[in-house]
Number of protein chains: 2
Amino acid sequence: MLPQRRHAEILRCLTQEGSASVTALCSQLATSAATIRRDLICLEREGVLTRVHGGAVLAPSQERPFDRVAREDGDVKDEVARAAATLVRDGESVLLDIGTTTHRLAAHLHGRDITVLTSNLAVYEELADDQAVELILLGGVVRRNYRSMVGFLTEDALRQVRADRVFLGAAGVRDDGSVMDDTVVEVPLKRAMLAAADQVVLLADRGKFPGGGLARICGAEEIDVLVTNADTAGAGLSAMREAGVEVLDG
Amino acid sequence: MLPQRRHAEILRCLTQEGSASVTALCSQLATSAATIRRDLICLEREGVLTRVHGGAVLAPSQERPFDRVAREDGDVKDEVARAAATLVRDGESVLLDIGTTTHRLAAHLHGRDITVLTSNLAVYEELADDQAVELILLGGVVRRNYRSMVGFLTEDALRQVRADRVFLGAAGVRDDGSVMDDTVVEVPLKRAMLAAADQVVLLADRGKFPGGGLARICGAEEIDVLVTNADTAGAGLSAMREAGVEVLDG
DNA sequence: GCACAACTGAACAATATCAGTCATTTTGCG
DNA sequence: CGCAAAATGACTGATATTGTTCAGTTGTGC
């Protein structure tokens with residue numbers, strides 16, 4: 001393996017985890033501790049990381065903005081996004097819905113060895129520079145205000161692909177467990193996404209219980225996993241549980 | 001194997017993986033280390049890559065081959081782009097090919113009341129904030145280095161749409177009028193674009209006459225309009241004229 | 001404070017790669 | 001066909017990188 005490749009890999013581990021130990025890097029890169037140390041010295045000289053006893057951490061200036069946002073406590077949406085990211089396994093292909101919640105999820109998927117399918121242009125911009133993630137855009141008519149693509153092209157594309165998991169956002173969940181959306185044009189898209197994935201994961205922070213919306217996307221029975229906050233409560237959540245939805249707390 | 005073919009292959013490996021080792025290239029291209037090194041020296045002189053111990057990595061300025069190309073030959077290409085923009089009428093829908101030339105064309109389409117269809121992500125970024133232009137992305141697998149989307153999704157999308165005009169880029173025009181490209185994966189896309197538009201406009205500055213390329217996209221008879229520089233000359237241009245192509249000077 | 005484990009830095013040997021040279025083969029051209 | 005130029009592959013001494021070893025240091029639990 002080329003030294004540069006190793007350096008890139010070390011940085012990938014660092015940005016993903018925030019820190020990395022020499023022994024972990026040894027096994028991950030199949031090399032000796034001496035080489036890793038030499039690499040770390042080199043990278044420290046470049047100023048991209050700081051060496052600490054046993055490994056290295058990202059240099060303060062190198063922390064990506066989303067990482068800082070992610071570590072702030074009390075951000076209910078980010079709790080959900082972070083919890084959802086733990087569901088994704090290496091090698092999988094995931095379908096990300098339109099909206100800000102899935103954009104936040106994408107920010108937690110940096111450096112992962114996965115394929116992301118989406119019509120969410122915010123996700124595209126988030127992951128555009130990430131070499132690890134394979135990115136597939138669904139196409140469609142660009143809606144600037146929503147940073148997304150919609151229309152028959154998007155729906156057609158969804159019929160041609162298959163994902164291991166779809167991460168769905170929503171405007172709210174009604175007390176009967178119905179998943180609702182505000183934007184009528186998105187509903188057929190969301191339904192097409194449901195059909196294109198093996199597992200349906202709904203991202204809904206506690207503010208979505210109960211929640212309104214003009215149009216019904218689907219009922220609780222179509223959802224496999226609900227990711228929400230630990231302190232979420234309400235009839236909608238109970239309805240989800242009764243429908244056999246696995247509930248994951250952020 | 002021809003040196004040019006080897007160089008193209010080396011670049012393909014590099015853009016795909018980000019780095020390549022001499023030994024890997026040896027076995028992949030079935031040649032000796034000495035030859036690979038000579039190739040790398042040559043390519044490094046061109047500024048395309050940076051040699052490192054054990055192999056090569058993409059040159060820092062080269063990580064986005066797109067941006068590099070975009071800066072070269074500024075005026076020559078921009079003459080062509082500006083002239084091409086005059087062909088577009090309000091209310092039309094235009095299909096823009098992958099590449100830098102069409103990106104430049106897009107820069108001249110700001111504020112126009114038109115619909116732009118493209119798989120060129122540089123065009124998307126150029127026009128994303130322009131309220132006047134309706135933007136439709138074709139979808140597909142994102143190729144970061146080329147700022148484009150390719151693959152069967154893109155081709156499928158092209159079969160579903162119809163444009164008044166397609167603006168096509170190319171690596172070069174041969175003396176017999178054949179339009180050539182370097183990137184094999186783009187050829188079926190370009191052919192699908194030809195089929196999806198009523199009029200085919202080829203953008204080719206004087207540097208493209210004569211020009212090489214691995215794969216043939218189409219012959220002169222498929223082109224309706226050629227936009228080039230005023231001082232362009234050569235057998236390829238004559239072949240175009242003989243085939244009845246309307247030639248527009250920038 | 002002390003013992004113990006883990007980590008570090010430096011030196012060294014082994015290995016891999018590099019640049020240069022030279023013989024051989026291929027290519028282009030009259 | 002023959003010749004010259006270019007490209008290729010093999011060899012060699014020089015250089016760079018890597019893994020190992022070991023003495024010294026740091027961190028941790030008692």
Side-chain angles (χ1 to χ4, degrees), chain A residues 1-60 62, chain B residues 1-62 172 174-176 178 180 182 209-215 234-236:
Chain A
M1 181 179 301
L2 269 63
Q4 281 71 14
R5 191 137 191 83
R6 246 185 359 250
H7 290 189
E9 196 69 12
I10 289 170
L11 284 180
R12 197 184 63 77
C13 291
L14 271 175
T15 49
Q16 194 174 324
E17 306 287 332
S19 67
S21 72
V22 172
T23 49
L25 290 169
C26 279
S27 59
Q28 195 152 354
L29 302 178
T31 186
S32 73
T35 303
I36 294 293
R37 287 210 185 84
R38 279 186 278 249
D39 287 340
L40 293 181
I41 290 167
C42 177
L43 288 166
E44 185 174 40
R45 241 194 289 272
E46 289 176 23
V48 294
L49 56 78
T50 307
R51 250 147 57 82
V52 296
H53 196 87
V57 296
L58 221 48
Q62 291 289 316
Chain B
M1 183 183 285
L2 275 72
Q4 293 98 309
R5 181 121 186 79
R6 241 185 5 247
H7 289 192
E9 194 68 12
I10 290 171
L11 284 181
R12 198 187 58 77
C13 291
L14 268 176
T15 49
Q16 200 171 319
E17 303 285 330
S19 67
S21 72
V22 173
T23 49
L25 290 169
C26 278
S27 59
Q28 195 153 354
L29 302 178
T31 185
S32 72
T35 304
I36 294 293
R37 288 210 184 85
R38 277 186 279 252
D39 286 341
L40 293 181
I41 289 168
C42 176
L43 288 166
E44 184 175 40
R45 241 194 288 275
E46 288 177 23
V48 182
L49 54 79
T50 306
R51 249 147 58 81
V52 297
H53 195 91
V57 295
L58 278 176
S61 61
Q62 233 0 55
R174 295 175 66 115
D175 285 346
D176 65 352
S178 296
M180 307 297 289
D182 308 301
F209 294 89
L214 301 169

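Proteins come first, then strands; the chains are lettered A, B, ... in the order of their sequence lines, and each starts at number 1. Please read these numbers as outputs of a predicted model, since none were measured by experiment.
Taking CD from A:Glu46 and CD1 from A:Ile41, the interatomic distance works out to 12.5 Å, rounded to the nearest 0.5 Å.
When every heavy atom of A:Ala56 is checked against every heavy atom of A:Leu49, the shortest pair comes out as CB-CD1, 4.0 Å. Nearest heavy atom pair, residue B:Asp39 against residue B:Ile10, reads CB-CD1, 3.7 Å. Closest approach of B:Ala20 to B:Leu14, counting heavy atoms only: N-CD2, 3.7 Å. Heavy-atom minimum distance, A:Cys42 versus A:His7: SG-CE1, 3.6 Å. A pairwise comparison of heavy atoms in A:Leu2 and B:Gly54 identifies CD1-O, 3.8 Å as the closest pair. Residues B:Cys26 and B:Ser32 approach most closely at SG-C, 3.7 Å, considering heavy atoms.
Residue pairs that meet the salt bridge (charged side-chain N to carboxylate O under 4.0 Å, His left out) test with at least one member in residues 14-24 of chain B, sequence neighbours left out, are A:Arg5-B:Glu17. For residues 47-59 of chain A, every residue pair satisfying the salt bridge (charged side-chain N to carboxylate O under 4.0 Å, His left out) rule, not counting sequence neighbours, is listed here: A:Glu44-A:Arg51.
DNA chain C is contacted by both B:Arg38 and B:Gly55; B:Gly55 maps to the nucleotide lying nearer its 5′ end (nearest heavy atom per residue). Nearer the 5' end of DNA chain D, as judged by each residue's closest nucleotide, is the contact made by B:Ser32, out of A:Ser32 and B:Ser32. When each of A:Arg6 and A:His53 is assigned the nucleotide of DNA chain D with its nearest heavy atom, A:Arg6 is the one assigned upstream, toward the 5' end.
Terminal axes of the helix from C:dG1-D:dC30 to C:dG30-D:dC1 (five pairs each, C1' rotation axis) are separated by 50°, to the nearest 10°.
Chain A approaches DNA chain D over the interval D:dT18 to D:dG27, counting the first and last nucleotide 5' to 3' with an atom under 4.0 Å from its heavy atoms. Think of the region where chain A sits on DNA chain C: with heavy atoms and a 4.0 Å cut, that region ends 5' and 3' at C:dC7 to C:dG9.
Evaluation of the side-chain contact (heavy atoms from CB on, under 4.5 Å) rule for B:Thr31 yields B:Arg6, B:Leu29, B:Thr35, B:Ile36 as partners, not counting sequence neighbours.
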